[in-house]
Amino acid sequence: MEKNKITDIRVRFAPSPTGHLHVGGARTALFNWLFARHHNGKFILRIEDTDEERSSAENTGEIIRSLKWLGLEWDEGPDKPGEYGPYLQSERNFLYKKYIEKLLAEDKAYRCFCTQEELASEKTRAESEKRQYRYSGKCSHLTDEEINSFLEQKRPYVVRLRIPKGETVLNDVIRGRIEFKNEIFDDFIIQKSSGGVVYNFAVVIDDALMNISHVIRGDDHISNTPKQIIMYEALGFSLPVFAHVSMILGGDGKRLSKRHGAVSVDQYRDDGLFPEAVVNYLALLGWSTSDSRQFFHLNDLIKAFSLENISSNPAIFDIKKLEWLSCEHWKLFDRDLKRKYAVECLTSAGFVSGGLSKDEIELLDKALALVGDRIKKTGDILIQINFFFKKEINYPENILKKYFSSGTSFLEVLDKIVNSMEQLENFNEIEIEKIVKGQAALLGIKDVKLMQVIRVVLTGQEISAGIFETIMLLGKNKTVERIKNIVRKLGS
RNA sequence: GUCCCCAUCGUCUAGUGGCCUAGGACAUCGCCCUUUCACGGCGACGACAGGGGUUCGACUCCCCUUGGGGACGCCA
């Protein structure tokens, strides 16, 4: 029975490219995208770039890159023309004129010839009388003669929308019914004296012409909505469904800003969080299922998502939970995906260049299997596997100092161990473990202590997966070589 | 100042009048596992902002207060 409705679902994400994609914007985009995908509708990207001073093409590019990184592909957008374009607001100017004319002709809007000075004095007077300033409506009753004569004089004018008496009701999916008394609005400007149109007018035209069925956006737009509703009605357009999502705040409950650390999604990308996790986390910020499920793949989100389950309270961004989810996602990545992320890391760190050889890929897969769950961010991949790909190990000063400066010198025992290893017919875990533990016993030290020394020698760091498994994967040659090198280096 | 939104553990939330001595997840803290680092297992701590109503009965409905956020441009 809902068939018609479902096939007609069209939503949009309409960022203004005045900065990078903010986590709040990303979540809005995600909710729109999920809603569209859930209902088999269309997701449209529209760039609101009419603020020449603050908008830039670079920012647009960044936003597009971030959205793609998150995996949110759009059906129509600046780079994907559809029948409702253009999708850059700056290129849509020609569309607005006609609707301004229409409103003017129907007397639902009027030209206002008041000068900036007149307006300013109205404003100061209102202030001195402690009155809420609203445009007086001085020009709302000009006669045709007056208008024509002003036009002939080429006096600049703006176009204002007549606000009807009464009240305007916003039925918000998330918040329910919200009523506004129309008297709180003045006849606001919809066309500037430059001839350009104002945001509140442009969104309405754009959304209506693009056949947007659901407007899902931040709740900072709630107070704009009644004005927009009045416009929809003046223009005879049917209303979309509105859903206003709460904002994302910083840890102190204040509006999220640079002070709170990362606010743009590319910072999380640069930080090494997996996009699968970022999307999962963002979804959980303000949306939930009644079974309190936490872990979702994108497809699960699409299936489970609904506007009704979006909560109305603002959320505070919690990086710890994001990191936890990032690890949870890593655990379930398949071999290819893990390999993909690892190759990216290794390449950008300069350990490999170009494509990996067959042997390298085999080594990589084994290393990743060995590493297991020890990964929260892409950077952890490098930490865990770098020494498999290094030709030579560089030992940081503090490590050398900690393990080789005072007390028991391990060089002698390392020398013995390496000799025994070389003589091994079967270079396998059990035999190696025997050697190491035997030597530890001989020395009267804990075997774990000796194991840690070997770990440091082979990896140049204090952490790695199980040492005997690491040795096996490293292979006899590299193992022997690295031990010999350190003995030689420090022995002199 | 005017208007609007919001209010459950530190954080994200479940809860739609009796199922709630309020459930889950992250974080924190213990213990266990352990070869470092992670993972994992078990457990602990921990919330209905306050005050009035309505009701046989309120976390749930209404009002007020308080606190937080937002909007009030010829910006988007």
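As the structure is a prediction and not an experimental result, all values here were calculated from the model. Here is how names work: the chains are called A, B, and so on, in the same order as the sequence lines, proteins then strands, and each is numbered from 1.
- Rounded to whole Å, the separation between the C1' atoms of B:C4 and B:U13 comes to 25 Å.
- Using bins of under 30°, 30° to 60° and over 60° for the plane-to-plane angle, the ring pair A:Phe317/A:Tyr268 lands in the tilted bin.
- Side-chain atoms of A:Thr168 and A:Asn182 form a donor-acceptor pair, as typed in the model, at a separation below 3.5 Å.
- Residue A:Arg455 is in base contact, counting any heavy-atom pair closer than 4.0 Å across all strands shown.
- Residue contacts shown for A:Gly372 are absent, as no nucleic acid heavy atom lies under 4.0 Å away.
- With no hydrogens or angles considered, no side-chain donor-acceptor pair links A:Asp49 and A:Gln89 at under 3.5 Å.
- Donor-acceptor pairing under 3.5 Å is lacking for the side chains of A:Arg175 and A:Ser312.
- Under the side chain to side chain donor-acceptor pair (under 3.5 Å) test applied with A:Arg217, the options A:Thr225, A:Asn32, A:Asn224, A:Thr28 reduce to a single match, A:Thr225.
- In this model, a donor atom of one side chain and an acceptor atom of the other lie less than 3.5 Å apart for A:Glu118 and A:Thr115.
- The aromatic rings of A:Phe185 and A:Phe180 sit tilted, their planes meeting at an angle between 30° and 60°.
- The residue A:Ile178 sits close only to the backbone: its heavy atoms come under 4.0 Å of sugar-phosphate atoms, none of a base.
- Counting non-hydrogen atoms under 4.0 angstrom, A:Gly286 reaches the backbone sugars and phosphates but no base.
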What pairs of nitrogen or oxygen atoms, one from the protein and one from nucleotides 59-61 of chain B, lie under 3.5 Å apart?
none

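- Between A:Phe150 and A:Phe113, the ring planes are tilted. Angles from 30° to 60° get that label.
- For B:G1 and B:U60, the C1' atoms lie 35 Å apart once the distance is rounded to whole Å.
- Annotation: B:A22 and B:U8 have their C1' atoms spaced 8 Å apart (nearest Å).
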Q | Nucleic acid footprint by protein, nucleotides 66-76 of chain B - heavy-atom cut-off 4.0 Å, B for base, S for sugar-phosphate alone | A | --SSBSB-BBB
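- Among the protein residues, A:Ser464 comes within range of the nucleic acid bases, having at least one heavy atom under 4.0 Å from a base atom.
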Under 3.5 Å between N/O atoms: give me all the protein pairs with nucleotides 24-26 of chain B, atom names plus distance.
residue, atom, partner, partner atom, Å
B:G24, N2, A:Gln294, NE2, 3.4
B:C26, O2', A:Lys321, N, 3.3

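- B:A38 sits 13 Å from B:A27 when the P atoms are compared, rounded to a whole Å.
- Separation of the P atoms belonging to B:G15 and B:G52 is 28 Å when rounded to the nearest angstrom.
- Using modelled atom types, one finds a donor on one side chain and an acceptor on the other under 3.5 Å when comparing A:Asp206 with A:Tyr96.
- As rounded to the nearest Å, B:C48 and B:U16 have C1' atoms that lie 15 Å from one another.
- In this structure, B:C39 is classed as syn because its glycosidic torsion stays within 90° of zero.
- A:Trp287 pairs with exactly one of A:Phe305, A:Phe31, A:Phe35 by the ring pair (Phe, Tyr, Trp, His ring centres under 6.0 Å) rule, that one being A:Phe305.
- In this structure, A:Lys376 reaches the sugar-phosphate backbone alone: every heavy-atom distance under 4.0 Å involves primed, P, OP1 or OP2 atoms, never a base.
- Residue A:Lys331 places no side-chain N or O under 4.0 Å from the OP1 or OP2 atom of B:A38.
- In this structure, A:Arg374 and A:Glu179 both approach RNA chain B, and ranking their closest nucleotides by distance from the 5' end singles out A:Glu179.
- Between A:Met451 and A:Arg175, the residue whose closest nucleotide on RNA chain B is further toward the 5' end is A:Arg175.
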Q) side chain to side chain contact (heavy atoms under 4.5 Å, CB included) between A:Leu151 and A:Tyr157: does it pass, once the steps are laid out? A) CA-CA 9 Å; A:Leu151 286 175; A:Tyr157 66 90; 3.6 Å; yes
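- Across the P atoms, B:U36 and B:C59 are found 49 Å apart, a figure rounded to whole Å.
- Base engagement by A:Phe468 is indicated by at least one non-hydrogen atom pair under 4.0 Å involving a base atom.
- Aromatic ring pairs are classed by plane angle as parallel below 30°, tilted from 30° to 60° and perpendicular above 60°; the pair A:His329 and A:Phe333 is tilted.
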